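The structure presented is a predicted model; accordingly, all values stated were derived computationally and were not measured. Chain identifiers are assigned alphabetically (A, B, ...) following the order of the sequence lines, protein sequences preceding nucleic acid strands; residue numbering begins at 1 within each chain.
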Amino acid sequence: MKQQIVQILMNVVQQLKDQGILPEDASPRINVENTRDKSHGDLATNLAMMLTKAAGMPPRALAEKVVELIEAMEDRGAVEKVEIAGPGFINFFVKDDAKFAVIEQVFAQKEKFGRCNVGQGRSVLVEFVSANPTGPLHVGHGRGAAYGASVASLLEEAGFKVDKEYYVNDAGRQMDILATSVWLRYLALCGEEFDFPSNGYKGDYVFEISAELKREHGELLRKPAFEVFTGVCADEGQTDGDKEKHIDDLISKCKNLLGAAHYETVFAIGLNTILEDIKEDLEGFNVSFENWFSERSLMETGVVDAAIEKLQASGKIYEQNGALWFRSTDYGDEKDRVVVRDNGLKTYFASDIAYHFNKLERGYDILIDVWGSDHHGYVPRVKAAMEAMNTNPEALEVLLVQFAILYRGGEKLAMSTRSGQFVTLRDLRDEVGSDAARFFYVQRKSEQHMDFDLDLAKSQSNDNPVYYIQYAHARISSVLEQAAEKGMALDREAGMASLDKLELDQETDLAVQLAKYPEVIARAAVAYEPHQIAYYLKDLAHGLHSYYNACQFIVEDDTVRNARLTLILAVQQVLKNGLAILGVSAPEKM
RNA sequence: GCGCCCAUAGCUCAACUGGAUAGAGCAUCGCCCUUCUAAGGCGAGGGUUUCAGGUUCGAAUCCUGAUGGGCGUGCCA
């Protein structure tokens, strides 16, 4: 419908040029928008105001000329009436039967209604969550998970070919700290006595992994505590203590005393147990991934070395103080960055360069990374590396998600995986349910700081707008079911034939609302803003509830009844489609 | 210090990316269930869009500055 009006206006612009009112080289962007206020008609354009300079005419005078030309047209399609208003808006009133035409589209396309092709089949890799597998996901990760998954669905609806990926940081010091923590807890279970390192992982899940380790291997991996701790730097709080040095020494001891094979056993049980837990957790959150990409695999297959060589070939690598530096300042970064440390170890940044290069080599047109906003300083250097390797940095889109600031009873909550003080995503799901949590997270636009009051989320889960939307869906099911029970089951064909019986304001409102859905998808997708879907669905649900209260659907008159039931069935379809994008279920009963 | 992000009703957030009278939900106050699910509907009150300038037909939105908050500023991952 919007497209039709754009066509009409393009036609008008051409005529204005022909008449010499507009210069030949004028090529205005034709802007047709939905009106906010019904007295302004259904659609409006600001064309006259945009062209006021080019035409050298005041906006209202130009608008009158435009309206004149439109009214002179033979075929005005769905346009019933055109009006000029305000400073020079041209308002279009659309014929009712044209408004209800959308219902047929909904049934024709079913779950595909709303899809568009702005993506044109381009392939996208959406990487998100990617939390270190050193502990369970906490509620902070939940926002990234809900947002990333919804963005991915949204892009798919918009005609992109989408894969979702979780980058598993299974290499590096944090994982060694985890392995060492598991082993130390295991030693304690075996009866060894010592103080647990202040910098170790202290969560309960570490005990559980250690217990499993003991069940599987008995005392095979046991070493005396005095042997483990001799020669180890003192911990924080002790004289000359240094918690970083303390844990690093313990890692070395752990590796030496166990030997490579046994260390790998401990390492693997920690990694695998936690990764399995994360997978299961995300599944329960209705979030799935095509790939779980291992950082170690990058190292082992030499991709990191290859990437460093590629940078070297670009001449942007230099050596200083025994380390290899990447000259990212040449690409606008604040300072140069180390890729290989003086001790020969590659930095995390090095594997990240390799990882992004690898993503492009796999043939993706667009890379989307969903990161916590605390990593924003990281963006310029990754883009710099991509540019240095002759890949287009524009191909990478980093979406930053602001931290959820957690409160419990008005108190701000500090969270740290290391200390074991955090609320897990699983706890949240258990208490408020996956649907409510998914919706809650994605309701806010991602760059908004979000206050997350846990008590509120739990105690008032009934106030979560997700139920409002689901209720609308269930209500429709219920009405249709009762109509059938009364022997007045919906006859959709008859309904389609009698849509002219729909005369209430609520009915046209709903139809107009349905017609907006594909636009909302397209707009939300290119902006990476799933919250727009959430707001749209709230509006649509409101339209339905309002309609429900305004009249009876199951009435004696066949034509009216079938028309009304047909309309709400279409609404139900769109509610379902929208909820699916947000990863929320659409229940038949509540 | 420098860089990025944010600031809208009492609270939590929208505002179709520069459009018309800035909208929802909570919370407050009125109504509406012998009628298809009241997890609902209808209505009222509540605003100098943090502040000061600027850009233009037109600004919550863009620019400059100020104030307040978050984050970053490792040869950590």
Side-chain angles (χ1 to χ4, degrees), chain A residues 31 33-37 39-40 44-46 48-50 52-53 58-60 85-89 91 132 134 169 171-175 177 244 295 320-325 334-335 337-343 345-349 351-352 372-380 400 402-403 405 443-445 447-453 456 460 462-468 470-472 474-483 485-486 488 516 519-520 523-524 526-527 529 531-532 534-536 538-539 541-542 544-555 564-565 568 589-590:
Chain A
N31 210 342
E33 341 185 272
N34 301 310
T35 53
R36 213 179 288 230
D37 187 329
S39 65
H40 299 143
T45 182
N46 57 1
M49 292 179 288
M50 304 269 288
T52 183
K53 238 176 210 168
R60 283 198 71 112
F89 287 99
N91 296 332
N132 282 349
T134 52
N169 293 121
R173 181 163 171 263
Q174 295 307 319
M175 287 307 296
I177 296 178
E244 302 294 342
E295 183 186 1
Q320 191 183 311
N321 301 331
L324 285 188
W325 295 71
E334 292 176 346
K335 53 173 287 194
R337 310 291 173 178
V338 171
V339 285
V340 182
R341 292 196 268 160
D342 56 4
N343 62 10
L345 291 178
K346 287 147 201 137
T347 59
Y348 177 82
F349 179 43
S351 21
D352 229 23
S373 62
D374 55 334
H375 287 78
H376 72 261
Y378 211 73
V379 179
L400 297 172
Q402 287 288 342
F403 266 174
I405 303 163
Q443 239 181 316
R444 277 91 175 157
K445 57 203 282 189
E447 67 264 33
Q448 267 288 353
H449 297 270
M450 179 165 84
D451 285 341
F452 199 133
D453 189 320
L456 209 69
Q460 303 197 340
N462 268 355
D463 287 334
N464 191 312
V466 73
Y467 295 109
Y468 182 79
Q470 290 180 316
Y471 183 43
R475 230 177 190 180
I476 294 168
S477 291
S478 168
V479 169
L480 293 170
E481 192 180 315
Q482 297 208 24
E485 276 170 18
K486 292 179 184 168
M488 294 190 275
K516 284 181 190 168
E519 289 170 35
V520 173
R523 200 166 49 231
V526 298
E529 291 185 344
H531 78 273
Q532 289 194 35
Y535 277 87
Y536 171 83
K538 278 194 250 184
D539 276 352
H542 176 251
L544 187 279
H545 289 309
S546 189
Y547 184 31
Y548 181 94
N549 277 274
C551 70
Q552 285 280 121
F553 303 148
I554 304 174
V555 291
R564 287 179 177 173
L565 294 181
I568 63 169
K589 273 193 167 46
M590 283 178 76

Tell me whether the OP1 or OP2 atom of [N] has a side-chain N or O from [X] closer than 4.0 Å.
X	N	result
A:Y468	B:A24	no
A:K335	B:C75	yes
A:R173	B:G74	no
A:Y467	B:G25	no
A:R60	B:C57	no
A:R475	B:A38	yes

Please evaluate the base of B:A20 for a donor-acceptor partner in the side chain of A:N91 within a cut-off of under 3.5 Å? yes
Tell me if the side-chain of A:N549 makes a donor-acceptor pair with the base of B:G40, cut-off 3.5 Å, by modelled atom types. yes
Interatomic distance at C1', B:A52 relative to B:U48, whole Å: 13 Å
Is it the case that [X] and [Y] place a side-chain donor and acceptor less than 3.5 Å from each other?
X	Y	result
A:D37	A:T35	no
A:N34	A:E519	yes
A:S373	A:Q402	yes

Closest to the [X] side chain, choosing from [options]:
X	options	result
A:K445	B:A77, B:A14, B:G41	B:A14
A:M590	B:A14, B:A39, B:A20	B:A39
A:Q482	B:C36, B:U21, B:A20	B:C36
A:H531	B:A15, B:C13, B:U21	B:A15
A:I554	B:A20, B:C71, B:C36	B:C36
A:S478	B:A20, B:A77, B:C36	B:C36
A:N46	B:G41, B:G19, B:A77	B:G19
A:V479	B:C75, B:C42, B:C36	B:C36
A:N132	B:G19, B:C75, B:A77	B:A77
A:Q174	B:U17, B:A77, B:A39	B:A77

Flag side-chain contact, heavy atom, 4.5 Å: [X] against [Y]:
X	Y	result
A:T45	A:F89	no
A:K516	A:D539	no
A:V520	A:Y535	no

Going by purine N1 to pyrimidine N3 plus the second Watson-Crick contact, or the G-U wobble pair, all under 3.5 Å, which nucleotide sits opposite [N]?
N	result
B:A15	none
B:U34	none
B:C62	B:G54
B:C2	B:G72
B:U48	none

Separation of atom [atom1] in [X] from atom [atom2] in [N], rounded to whole Å:
X	N	atom1	atom2	value
A:K538	B:A39	NZ	P	19 Å
A:L324	B:C75	CG	P	14 Å
A:Q552	B:G40	CD	P	19 Å
A:D539	B:G23	CG	P	13 Å
A:I177	B:A77	CD1	P	10 Å
A:Y535	B:A24	OH	P	12 Å
A:H542	B:G40	NE2	C1'	10 Å
A:N34	B:G19	CG	C1'	13 Å

If you restrict it to nitrogen or oxygen atoms, what contacts under 3.5 Å exist between nucleotides 3-8 of chain B and the protein, and what is each distance?
unit_1 : atom_1 : unit_2 : atom_2 : d
B:G3   : N2     : A:H376 : NE2    : 2.7
B:C5   : O2'    : A:Q402 : NE2    : 2.9
B:A7   : OP1    : A:Q448 : NE2    : 3.2

Touch check for [X], heavy atoms < 4.0 angstrom, all strands: base, sugar-phosphate only, or nothing?
X	answer
A:E295	nothing
A:A550	nothing
A:D342	base
A:A483	nothing
A:E485	nothing
A:N321	base

More 5' along RNA chain B: A:S39 or A:G377, using each one's nearest nucleotide?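 The 5'-side residue here is A:S39.
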Taking the nucleotide of RNA chain B with the nearest heavy atom to each, does A:H545 or A:R337 sit closer to the 5' end? A:H545
Should the pair A:K486-A:E481 be classified as a salt bridge under the 4.0 Å nitrogen-to-oxygen rule? no
Would you call A:F89 stacked on B:A20, i.e. ring centres under 5.5 Å apart with the planes less than 30° off parallel?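 Base of B:A20: stacked against A:F89.
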Where is the tightest heavy-atom contact between A:M488 and A:L565, given as atom of each residue plus distance?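 Closest approach of A:M488 to A:L565: O-CD1, 4.3 Å.
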Once you measure the plane-to-plane angle for A:Y548 and A:F553, does it fall in the parallel (<30°), tilted (30-60°) or perpendicular (>60°) bin?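 Ring orientation of A:Y548 relative to A:F553: perpendicular.
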What pairs with A:A524 under side-chain contact (heavy atoms from CB on, under 4.5 Å), at least two apart in sequence or on another chain?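 Partners of A:A524 under the side-chain contact (heavy atoms from CB on, under 4.5 Å) test: A:L154, A:Q532, A:I533.
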Does A:H542 have any side-chain contact (heavy atoms from CB on, under 4.5 Å) partners at least two apart in sequence or in another chain, and if so, which? A:Y468
